[in-house]
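Reckoned from all heavy atoms, side chains included, excluding hydrogens, waters and symmetry mates. Since we're looking at a predicted model, the values are computed, not measured.
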Amino acid sequence: MDKFMERAVELAAENVRESGQPFGAVLVEDNKIVSEGVNELHKAYDVSGHAELLAIRRAQEQLQTNDLSGYTMYASGEPCPMCLSAMYFAGIEKVFYCASVENAVEAGLGKSKIIYEDLQKTKGERMLSMIQMPLDEGEEDPMKLWKMRP
C-alpha cells in the first residue's frame with residue numbers, strides 16, 4: 001500500500017479506537033504531507049468535521065490560500081458529497097481512497113450513498129426541499145455588488 005494511503009488508514013483506525021468514525025485523510029503536495037485530518041464529529045458536534053474537510057482547512061490556513069491546485073488527497077474512505085464538493089472548490093486534482101461508499105454502507109455508515117443518489121434527482125424530487133426566494137424589487141443584490149467590485 002502507498003505510504004500516504006497507509007497513513008490515512010492508520011489515522012482512521014486510531015480514530016475508531018478513540019470513539020470516532022473510521023475516516024482519515026492526508027493532503028499531499030510534492031510527495032510531502034501538508035496536512036491530515038480525521039472525522040471529529042464525536043468531538044466537536046459539527047457535521048462538517050470530516051477528515052478531508054479538516055485536512056483542507058488546516059492546509060488553507062497554514063498556507064493562507066484557497067487554491068490547492070496540484071495537491072492530492074488520500075482518504076481512508078470514498079469522500080462524501082460534501083467533502084468532494086470542497087475538493088472541487090479548493091482545486092484539488094486527484095483523490096485516492098481505500099474503502100468505497102458501498103463498504104461504508106456495509107459498516108452501517110450509509111448517508112453518503114443516500115446523498116449521492118438524492119443529488120441525481122431533480123430539485124423537486126430530492127429529500128431536502130429547496131425553495132428559491134428571489135429578491136424583492138429595490139432590495140440590494142449582493143451578486144450585482146460582487147460583479148461591480150473594482
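Smallest separation of non-hydrogen atoms from Ala59 and Leu27: CB-CD2, 3.5 Å. Contact detail for Ser48 and Leu53: the closest heavy-atom pair is O-CD1, 3.2 Å. Between Ala55 and Ser35, the shortest heavy-atom contact is O-OG, 2.6 Å. Of all heavy-atom pairs between Leu11 and Ala25, the closest is CD1-O, 3.8 Å. Residues Pro22 and Ser76 approach most closely at O-OG, 3.3 Å, considering heavy atoms.
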Give every donor-acceptor pair under 3.5 Å between a side-chain atom in residues 142-149 and any protein atom, sequence neighbours left out.
residue, atom, partner, partner atom, Å
Arg149, NH1, Trp146, O, 2.8

Side chains of residues 77-90: which donor-acceptor partners sit under 3.5 Å, not counting sequence neighbours?
residue, atom, partner, partner atom, Å
Glu78, OE1, Val101, N, 2.9
Ser85, OG, Pro81, O, 2.9

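At a threshold of 4.5 Å between side-chain heavy atoms, the hydrophobic network of Ile, Leu, Val, Met, Phe, Trp and Tyr places Val26 and Tyr97 in two separate groups. Residues Phe23 and Val28 do not share a hydrophobic cluster, clusters being chains of Ile/Leu/Val/Met/Phe/Trp/Tyr side chains in contact below 4.5 Å. Note on Val95 and Leu68: same hydrophobic cluster, where clusters join Ile, Leu, Val, Met, Phe, Trp and Tyr whose side-chain heavy atoms are under 4.5 Å apart, directly or indirectly.
Residues that satisfy the ring pair (Phe, Tyr, Trp, His ring centres under 6.0 Å) test with Phe4, not counting sequence neighbours, are Tyr74.
Pairs passing the salt bridge (charged side-chain N to carboxylate O under 4.0 Å, His left out) check and including a residue from residues 42-68, sequence neighbours excluded, read Glu40-Arg58. Under the salt bridge (charged side-chain N to carboxylate O under 4.0 Å, His left out) criterion, the residue pairs touching residues 118-129 are Asp118-Lys121, with sequence neighbours excluded. Sorted by first and then second residue, the pairs that involve residues 9-31 and meet side-chain hydrogen bond (donor to acceptor under 3.5 Å, both in side chains), not counting sequence neighbours, are Arg7-Glu10, Gln21-Asn39, Glu29-Tyr71. Listed by first and then second residue, the salt bridge (charged side-chain N to carboxylate O under 4.0 Å, His left out) pairs involving residues 91-114 are Lys113-Glu117 (not counting sequence neighbours). Sorted pairs that involve residues 131-141 and meet salt bridge (charged side-chain N to carboxylate O under 4.0 Å, His left out), not counting sequence neighbours, are lacking altogether.
The other residues sharing a hydrophobic cluster with Leu119 are Ile115, where clustering joins ILVMFWY side chains under 4.5 Å apart. Leu135 belongs to no multi-residue hydrophobic cluster, having no ILVMFWY side-chain contact under 4.5 Å with any other such residue. Residue Val47 belongs to no hydrophobic cluster, having no ILVMFWY side-chain heavy atom closer than 4.5 Å to its own. Here Met130 sits alone; no ILVMFWY side chain lies under 4.5 Å from its own, so it joins no hydrophobic cluster.
A heavy-atom distance below 4.5 Å is found between the side chains of His50 and Leu41.
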